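This structure is a prediction, so every number in the text was calculated from the model and none was measured. Side chains included, hydrogens not; waters and symmetry mates left out as well; all remaining heavy atoms used.
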Amino acid sequence: MVSTFQKCHNVTFYYNWVGKTISVVWTTRDFVVIGLGLMVCLIVILANLLVMVAIFMNQRFHFPIYYLLGNMAAADLFAGLAYVNLMLNTGPWTSMLTKKQWYIRGALIDISLTASVANLLAVAVERHQTIITIQLHSTMTKRRVMLLIVGTWAVSIIMGLVPSTIWNCECDLDDCSTVAPLYSRRFLIFWAVLNLLTFCIMVAVYTRIFIYVRYQIRYTSRHTSEMRNSQTVVKLMKTISMVLGAFVICWTPGLVILLLDGLLGKASHANTYEKFCLVIAECNSMINPIIYTLRDDEMRRTFKWILCCLCRRSAGQPRKLSSVEIASPQPKVEYSCSEPARKGFSEQEVQSTTCKCCKTLKLCENCLNFST
């Protein structure tokens with residue numbers, strides 16, 4: 001039975017119990033780490049906000065896969081905010097935290113990681129459903145996409161609240177973690193194993209999708225339009241796989257450290273590598289916008305347009321309409337590739353027309369060139 005005294009222990013007590021040192025005075029190293037950390041967090045927040053605005057502004061991104069990628073950018077933005085909170089509550093400030101504030105600090109990091117993993121899993125499900133029919137975009141309704149997004153955040157919030165509510169070491173001091181002194185080592189084992197298994201499942205799913213797409217490309221190589229559509233699918237799949245690969249590389253070291261800490265406790269010496277793993281994990285939230293910029297020409301053009309608009313507004317110059325803005329308000333008309341040729345299409349009409357067979361926001365070659 002837990003005594004009232006044990007429940008009244010402060011944060012410093014748990015740190016001393018597991019042998020984790022709390023800095024007493026600020027050092028030059030602390031200022032450098034916090035300064036660089038806050039700078040990286042600012043870049044993470046602005047970059048992912050740019051991705052979300054680009055997906056909102058450009059109607060060519062108004063498809064389930066891009067909604068899910070936008071939600072992933074929201075998770076990375078949330079991670080940036082979580083790291084800001086961590087930087088402002090670290091070092092000598094740690095001893096000033098109440099247990100509630102300490103749990104909130106940890107919960108924000110947990111929620112951001114779980115949200116990223118859940119989003120990657122949702123993207124894997126959407127891609128698997130879409131690729132089976134060799135389409136660029138799935139027929140998933142906006143309602144289902146919204147339910148999927150809400151579901152990912154609900155699961156993330158629940159997982160973030162578990163340590164502070166029902167699974168901590170306040171009732172069993174021998175179960176305290178050395179990396180997160182108020183967390184239960186058993187919870188860290190469960191959380192790390194769950195995420196690592198999810199990584200393995202997603203890698204297996206994407207491997208299967210790539211094998212299937214490669215087979216379909218060889219099978220449809222005689223048909224130019226189908227071949228081009230397949231190549232577009234492969235390009236998008238490569239972009240998503242790079243996002244998944246970067247996530248796995250950046251987060252696996254941290255999860256392995258948590259797993260070792262949960263299994264071995266003080267013998268794992270996890271505190272020695274904790275900060276390095278945290279820096280690597282933080283960088284992951286900055287990598288995704290870079291991948292989108294390098295891999296997606298349309299995303300890159302939208303980024304440039306948004307930044308140019310901001311520059312013109314700050315300089316007080318009139319704003320010029322771009323192809324992105326011109327195409328966005330146009331109604332999307334659907335035509336089928338099997339219909340007769342439609343002469344006299346302007347470039348603006350082509351860009352704002354949806355092809356029913358290839359599901360792109362641009363009429364495919366068959367739609368434009370098919371003749372009776």
Side-chain angles (χ1 to χ4, degrees), residues 41 44-45 47-49 51-52 55 64-86 89 100-127 140 143-168 177 179-180 182-184 186-203 205 240 243-244 246-248 250-252 254-255 257-259 262 277-278 280-289:
C41 290
V44 167
I45 292 171
N48 286 285
L49 186 61
V51 173
M52 295 170 65
I55 292 174
I65 181 60
Y66 286 106
Y67 292 145
L68 294 175
L69 292 178
N71 193 42
M72 192 181 301
D76 287 333
L77 187 149
F78 185 86
L81 296 174
Y83 289 125
V84 169
N85 181 72
L86 178 64
N89 292 282
K100 182 178 179 180
Q101 291 171 331
W102 191 93
Y103 279 127
I104 291 174
R105 188 186 76 169
L108 294 177
I109 301 295
D110 296 345
I111 291 171
S112 66
L113 170 60
T114 309
S116 297
V117 174
N119 273 299
L120 284 168
L121 192 58
V123 170
V125 172
E126 190 275 345
R127 284 293 88 188
M140 188 184 299
R143 181 181 178 184
R144 288 187 178 181
V145 175
M146 289 304 300
L147 288 175
L148 196 57
I149 292 174
V150 171
T152 59
W153 284 103
V155 171
S156 304
I157 292 173
I158 291 172
M159 289 298 295
L161 295 178
V162 165
S164 62
T165 53
I166 60 176
W167 206 346
N168 52 58
S177 160
V179 172
L182 274 73
Y183 277 19
S184 166
R186 288 173 294 174
F187 171 74
L188 292 184
I189 294 172
F190 164 78
W191 197 59
V193 170
L194 181 64
N195 282 287
L196 290 172
L197 285 176
T198 306
F199 289 176
C200 294
I201 292 172
M202 286 189 291
V203 170
V205 169
I240 297 171
V243 172
L244 174 63
F247 186 84
V248 171
C250 291
W251 275 103
T252 298
L255 292 175
I257 288 296
L258 293 180
L259 183 60
C277 294
L278 186 62
I280 296 173
E282 182 182 1
C283 290
N284 176 75
S285 298
M286 187 171 55
I287 290 176
N288 290 347

Determine whether L77 and L49 make a side-chain contact, defined as any pair of heavy atoms from C-beta on separated by less than 4.5 Å.
yes

Can you name the closest pair of heavy atoms from C250 and N284 and give their distance?
CB-CB, 3.5 Å

Distance from L244 atom CG to L121 atom CG, nearest 0.5 Å?
10.0 Å

CD1/I55 to CG/L68 distance, rounded to the nearest 0.5 angstrom?
9.5 Å

Answer yes or no: is there a donor N or O on one side and an acceptor on the other, between the side chain of N119 and the main chain of A115, under 3.5 Å?
yes

Checking the side chain of N168 only, and the main-chain atoms of P163 only, is there a donor and an acceptor separated by less than 3.5 Å?
yes

Do any N or O atoms from the side chain of S112 and from the backbone of I109 form a donor-acceptor pair under 3.5 angstrom?
yes

How close do M159 and F187 get, heavy atom to heavy atom, and via which atoms?
O-CZ, 4.2 Å

Residue pair D110 / W191, side-chain donor-acceptor N/O under 3.5 Å
no

Measuring only between side-chain heavy atoms, which start at C-beta, is T165 closer than 4.5 Å to Y103?
no

Which value, rounded to the nearest 0.5 Å, describes the distance between L194 atom CG and I189 atom CD1?
13.5 Å

Looking at every heavy atom in both I149 and T152, which two are closest together, and how far apart are they?
O-OG1, 2.6 Å

Kindly indicate whether the side chain of L81, heavy atoms from C-beta on, has any atom under 4.5 Å from the side chain of N85.
no

Spatial distance of atom CD1 (I287) from atom CD1 (I280) [nearest 0.5 Å]
10.0 Å

Nearest atoms (heavy-atom pairs only) where S116 meets F247
CB-CE1, 3.3 Å

For a quick test of reading the model, state the closest non-hydrogen atom pair linking L188 to S177 and the distance between them.
CD1-OG, 3.2 Å

In terms of relative ring orientation, are Y183 and W102 parallel, tilted or perpendicular, with 30° and 60° separating the classes?
perpendicular

Mind running side chain to side chain contact (heavy atoms under 4.5 Å, CB included) on L120 and F199 for me, showing each step along the way?
CA-CA 9 Å; L120 284 168; F199 289 176; 5.7 Å; no

Just by distance, do the side chain of R105 and the backbone of N89 share a donor-acceptor pair under 3.5 Å?
yes

Is there a donor-acceptor contact under 3.5 Å from the side chain of N48 to the main chain of S285?
yes

Yes or no on side chain to side chain contact (heavy atoms under 4.5 Å, CB included) for L278 and E282, after CA distance, side-chain angles and deciding distance?
CA-CA 6 Å; L278 186 62; E282 182 182 1; 5.7 Å; no

Which atoms form the tightest heavy-atom contact between V44 and G80, and what is the distance?
CG1-CA, 4.0 Å

dist F190:CZ -> L258:CG (nearest 0.5 Å) comes out at 13.5 Å

Between Y67 and M146, is the side chain to side chain contact (heavy atoms under 4.5 Å, CB included) condition met? List the steps.
CA-CA 9 Å; Y67 292 145; M146 289 304 300; over 6 Å; no

Y83 and F78: side chain to side chain contact (heavy atoms under 4.5 Å, CB included), yes or no, with the steps?
CA-CA 9 Å; Y83 289 125; F78 185 86; over 6 Å; no

Does M202 reach the side chain of V205, with side-chain heavy atoms less than 4.5 Å apart?
no

